[in-house]
Undergrad: 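Let me give you the structure first, and then I'll get to my questions.
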Amino acid sequence: MYTQLVETGMKGVKTLEDMSPQERAWQEKINGGVKVEPKDWMPDAYRKTLVRQISQHAHSEYVGMLPESNWIGRAPTLKRKAILMAKVQDEAGHGLYLYSAVETLGVSRDAVYADLLSGKAKYSSIFNYPTLTWADIGAVGWLVDGSAIVNQVPICRCSYGPYARAMVRVCKEESFHQRQGFDIMVALCKGTPEQKAMAQDALNRWWWPSIAMHGPADEASVNSAQSMAWKIKLNSNDELRQKFIDQTVPQIEFLGLELPDKDLKWNEARGHYDYGQIDWVDFFNVVRGKGPCNEERLAARNKAWDDGAWFREALTAHADKQDAANLQQAA
Ligand code: BYC
């Protein structure tokens with residue numbers, strides 16, 4: 001949404017020589033590992049890129065609650081239900097930390113949220129696929145939160161202080177989420193043949209979206225070069241995708257499930273797994289709002305916003321009364 005406002009595209013990453021003395025001094029601080037804080041001077045394009053990425057990230061957490069909350073009422077045991085409720089609540093908390101981090105950049109949470117509700121803002125492609133069976137809840141925790149951890153651990157070291165600090169707690173919670181998902185998969189894979197087949201089916205459907213969610217291939221990633229120069233991103237999309245694949249294949253083998261990609265095999269020379277062709281046409285369709293659940297997700301978020309109007313009004317009225325009482329007391 002903000003890309004057109006960012007003056008420095010992939011090919012236009014400025015060298016230190018091209019920068020003004022102020023920008024050069026700032027970039028040198030970044031190169032030296034110094035964090036940028038909200039009141040520091042920063043280039044407009046850096047601020048806009050952060051607003052874009054952090055708000056998309058916040059929206060992803062918020063929309064990401066929907067595919068899983070769909071199963072809270074149908075979890076197979078009380079224990080699984082309590083765990084899933086805690087996980088979904090954590091995601092709401094992640095959204096709140098991230099919306100707070102965006103506000104430190106001088107934009108209001110309501111403004112960025114309005115862009116989500118209108119369909120203008122992006123959020124992660126992964127949440128536009130349906131959770132059809134209980135095994136999908138296992139696959140989402142294991143693969144989606146697993147991908148999120150691989151992406152977010154480096155963000156704990158990114159150049160913008162409030163974003164980096166927010167990620168520390170998010171990553172700790174994501175580790176719990178990933179383990180609860182894997183635990184569901186282990187239980188299903190040790191269960192009846194029908195349960196194991198359910199686990200395989202969930203893996204087959206979630207594998208490709210989970211590796212695509214790391215973003216377009218490096219040569220098609222318009223923002224990576226600049227974001228990496230600014231240390232908003234510390235790794236490229238393909239590097240993180242490869243890391244996720246390398247760590248997840250042994251887990252698939254441990255579960256005794258079939259690899260979901262016939263081209264997935266260890267490459268001794270590269271020291272990594274090779275993998276098959278990602279369907280980028282499908283990915284960009286989903287990103288553009290044409291995925292299986294895009295409409296449903298936005299409708300759910302809009303309904304929640306509309307249903308909550310009376311509550312927001314009550315909170316505002318209460319805060320106004322408190323302010324008036326405080327003013328009277330101070331007079
Ligand atoms: N979905 O130049 P690129 C979670 C867009 S939360 C949709 O590589 P960038 C969880 C991209 O925005 C998961 N759009 O972009 C929550 C750009 O478009 P614009 C969310 C995508 O920013 C609840 C265009 O494609 N995590 O896991 O350098 C429950 C070109 O891409 C996607 C984050 O947000 C996508 N998958 O790199 C459970 C992490 N990928 O904006 C789990 C923080 C790309 O120019 N974000 N696009 O119009 C990032 O690390 C980076 O923003 C990305 C993309 C790696 C996602």
Side-chain angles (χ1 to χ4, degrees), residues 1-6 9-10 48-69 84 87-95 97-98 101-102 115 120-129 131 137 139-156 158 160 163-164 166-167 170-171 173-178 180-181 206 208-230 232-241 244 278 280 282-291 294 297:
M1 119 179 90
Y2 292 95
T3 321
Q4 64 274 26
L5 300 173
V6 179
M10 185 160 177
K48 282 169 188 153
T49 296
L50 281 173
V51 170
R52 176 183 67 78
Q53 178 168 322
I54 304 175
S55 62
Q56 286 177 1
H57 195 164
H59 302 329
S60 304
E61 301 284 355
Y62 237 40
V63 176
M65 295 164 73
L66 296 169
E68 291 180 288
S69 58
L84 186 59
K87 182 202 188 288
V88 172
Q89 257 176 346
D90 284 352
E91 308 301 357
H94 298 174
Y97 313 149
L98 286 160
V102 170
D115 285 345
K120 188 174 163 201
K122 290 191 170 78
Y123 59 87
S124 184
S125 50
I126 193 74
F127 302 116
N128 293 307
Y129 295 89
T131 40
I137 299 306
V140 168
W142 170 40
L143 301 174
V144 177
D145 289 81
S147 283
I149 296 170
V150 167
N151 170 280
Q152 288 167 176
V153 166
I155 303 179
C156 299
C158 81
Y160 189 56
Y163 192 25
M167 279 304 112
V170 169
C171 285
E173 292 176 352
E174 298 289 24
S175 295
F176 154 67
H177 300 167
Q178 194 268 350
Q180 69 84 36
W206 286 93
W208 292 100
S210 298
I211 63 171
M213 79 180 262
H214 289 278
D218 288 353
E219 63 273 14
S221 166
V222 284
N223 301 300
S224 281
Q226 184 60 75
S227 288
M228 288 176 77
W230 284 330
I232 293 172
K233 284 170 85 163
L234 297 169
N235 302 92
S236 76
N237 300 351
D238 283 335
E239 279 168 5
L240 294 176
R241 186 171 6 258
F244 170 73
I278 294 173
W280 292 117
D282 175 65
F283 170 80
F284 282 113
N285 263 337
V286 176
V287 171
R288 290 191 193 106
K290 300 269 180 286
N294 295 61
R297 301 295 183 235

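Start at 1 and go down the list; that is how both ligands and their atoms are numbered. Counting from 1, the numbers follow the sequence of the chain as shown. Fair warning: this is a prediction, and the values are worked out from it, not measured in the lab. The analysis underlying the following values was restricted to heavy atoms, covering all of them including side chains, and did not include hydrogens, waters or symmetry mates.
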Undergrad: Is there side-chain contact between Phe176 and Asp90, with at least one heavy-atom pair below 4.5 Å?
TA: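 Of all side-chain heavy-atom pairs linking Asp90 with Phe176, at least one is under 4.5 Å.
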
Undergrad: My understanding is that we take every heavy atom of each candidate and find the minimum distance to atom 12 (O) of ligand 1. Doing that for Met65, Gln56, His59, which one comes out nearest?
TA: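 Nearest option to atom 12 (O) of ligand 1, by heavy atoms: Gln56.
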
Undergrad: Evaluate Lys233 for polar contact with ligand 1, using N/O atom pairs at a separation under 3.5 Å.
TA: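 Between Lys233 and ligand 1 (N or O atoms, distance only) the closest approach is under 3.5 Å.
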
Undergrad: For Pro216, counting its heavy atoms only, list the atoms of ligand 1 lying under 4.0 Å from any of them.
TA: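 In order of numbering, the contacting atoms are 8 (O), 30 (C), 31 (O), 40 (N), 44 (C).
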
Undergrad: Check this for me - ligand 1, Lys87, N or O atoms closer than 3.5 angstrom, yes or no?
TA: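 Among all N and O atoms of Lys87, none is under 3.5 Å from an N or O of ligand 1.
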
Undergrad: Output yes when the distance from some N or O of ligand 1 to some N or O of Glu174 is under 3.5 Å, and no in every other case.
TA: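 No, no N or O pair falls under 3.5 Å.
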
Undergrad: Quick check: do Pro67 and Val144 have side-chain heavy atoms less than 4.5 Å from each other?
TA: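 A side-chain contact is absent here, since even the closest heavy-atom pair is not under 4.5 Å.
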
Undergrad: Should the proximity of His177 to ligand 1, defined as any heavy atom under 4.0 Å, be assigned to the side chain, the backbone, both, or neither?
TA: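 The answer is neither.
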
Undergrad: Asp145 versus Glu91: any side-chain heavy-atom pair under 4.5 Å?
TA: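 Asp145 reaches Glu91 side chain to side chain.
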
Undergrad: Taking 4.0 Å as the limit for heavy-atom contacts, which would you say applies to His57 with ligand 1: side chain only, backbone only, both, or neither?
TA: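 Both parts.
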
Undergrad: In terms of atom number and element, which parts of ligand 1 are under 4.0 angstrom from non-hydrogen atoms of Ala148?
TA: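 Answer for ligand 1: 4 (C), 27 (O).
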
Undergrad: Decide whether an N or O pair under 3.5 Å exists between Asp145 and ligand 1.
TA: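 No; the residue has no nitrogen or oxygen that sits under 3.5 Å from a nitrogen or oxygen of the ligand.
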
Undergrad: Quick one: does Tyr163 get within less than 4.0 Å of ligand 1, heavy atoms only?
TA: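 Under 4.0 Å: yes for Tyr163.
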
Undergrad: For ligand 1, indicate whether the residue Asn237 contacts it via side chain, backbone, both or neither (heavy-atom separation under 4.0 Å).
TA: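 For Asn237, only side-chain atoms sit under 4.0 Å from ligand 1.
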
Undergrad: Looking only at distances, please establish whether an N/O atom of ligand 1 is found under 3.5 Å from an N/O atom of Met213.
TA: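 Yes; at least one N/O pair falls below 3.5 Å.
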
Undergrad: Between Phe284 and Trp280, what is the ring plane arrangement, given parallel below 30°, perpendicular above 60°, and tilted in between?
TA: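 Phe284 and Trp280: tilted rings.
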
Undergrad: Using a 4.5 Å cut-off on heavy atoms from C-beta on, say whether the side chain of Ser221 contacts that of Ser236.
TA: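 Contact flag for Ser236/Ser221 side chains = no.
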
Undergrad: Against ligand 1, does Ser227 come closer than 4.0 Å with any heavy atom?
TA: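 It does not, in that no heavy atom of Ser227 comes within the 4.0 Å cut-off of ligand 1.
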
Undergrad: In the structure I gave you, are the side-chain heavy atoms of Asn151 and Met213 within less than 4.5 Å of one another anywhere?
TA: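 No. Closest side-chain heavy atoms not under 4.5 Å.
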
Undergrad: Ligand 1 and Lys122, any nitrogen or oxygen pair closer than 3.5 angstrom?
TA: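 The answer is yes, given that Lys122 and ligand 1 share an N or O pair closer than 3.5 Å.
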
Undergrad: Among Leu66, Asn235, Asn151, whose heavy atom sits nearest atom 50 (O) of ligand 1?
TA: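 Looking at heavy atoms only, the winner is Asn151.
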
Undergrad: Quick one: does any side-chain atom of Asn237 pair with a main-chain N or O of Pro216 as donor and acceptor, under 3.5 Å?
TA: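 Confirmed, Asn237 side chain pairs with Pro216 backbone.
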
Undergrad: Under a 3.5 Å distance rule, please check whether Asn235 uses its side chain to pair with a backbone N or O of Leu240 as donor and acceptor.
TA: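 Side chain of Asn235 to backbone of Leu240: no pair is present.
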
Undergrad: N/O of Glu61 under 3.5 Å from N/O of ligand 1, yes or no?
TA: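 No, since none of the N or O atoms of Glu61 sits under 3.5 Å from an N or O of ligand 1.
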
Undergrad: Any sub-3.5 Å donor-acceptor pair from Asp218's side-chain atoms to Asp238's backbone N or O?
TA: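 Yes, the answer is positive, given that a donor and an acceptor are paired below the 3.5 Å cut-off.
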
Undergrad: If we only count heavy atoms from C-beta on, is the Tyr62 to Leu98 side-chain gap below 4.5 Å?
TA: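 Side-chain contact under 4.5 Å: no.
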
Undergrad: Side chain, backbone, both or neither: which part of Val287 comes within less than 4.0 Å of ligand 1 when only heavy atoms are counted?
TA: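 Under 4.0 Å from ligand 1, Val287 contributes side-chain atoms alone.
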
Undergrad: Do side-chain atoms of Ser125 reach the backbone of Val286 as a donor and acceptor pair under 3.5 angstrom?
TA: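 No, because the side chain of Ser125 does not come within donor-acceptor range (under 3.5 Å) of the backbone of Val286.
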
Undergrad: Under 4.0 Å, heavy atoms only, figure out whether ligand 1 is touched by the backbone of Phe284, its side chain, both or neither.
TA: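 The answer is neither; Phe284 stays 4.0 Å or more away.
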
Undergrad: Regarding ligand 1, does Val222 bring an N or O atom to under 3.5 Å of one of the ligand's N or O atoms?
TA: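 The answer is yes, given that Val222 and ligand 1 share an N or O pair closer than 3.5 Å.
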
Undergrad: Given Tyr62, Tyr123, Phe127, which has its nearest heavy atom closest to atom 10 (C) of ligand 1?
TA: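 Result: the heavy atom closest to atom 10 (C) of ligand 1 is in Phe127.
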
Undergrad: Between Ile155 and Tyr160, is there a side-chain heavy-atom distance shorter than 4.5 Å?
TA: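 Tyr160 does not reach Ile155 side chain to side chain.
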
Undergrad: Counting both backbone and side chain atoms, is some N or O of Glu91 under 3.5 Å from an N or O of ligand 1?
TA: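 In this structure, Glu91 places no N or O atom under 3.5 Å from an N or O of ligand 1.
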
Undergrad: Listed by chain and number, what are the side-chain contact (heavy atoms from CB on, under 4.5 Å) partners of Gln89, not counting sequence neighbours?
TA: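 By the side-chain contact (heavy atoms from CB on, under 4.5 Å) rule, Gln89 matches no residue at all.
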
Undergrad: I need the atoms of ligand 1 closer than 4.0 Å to a non-hydrogen atom of His214, numbered in the order shown.
TA: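 Close to His214: 55 (C).
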
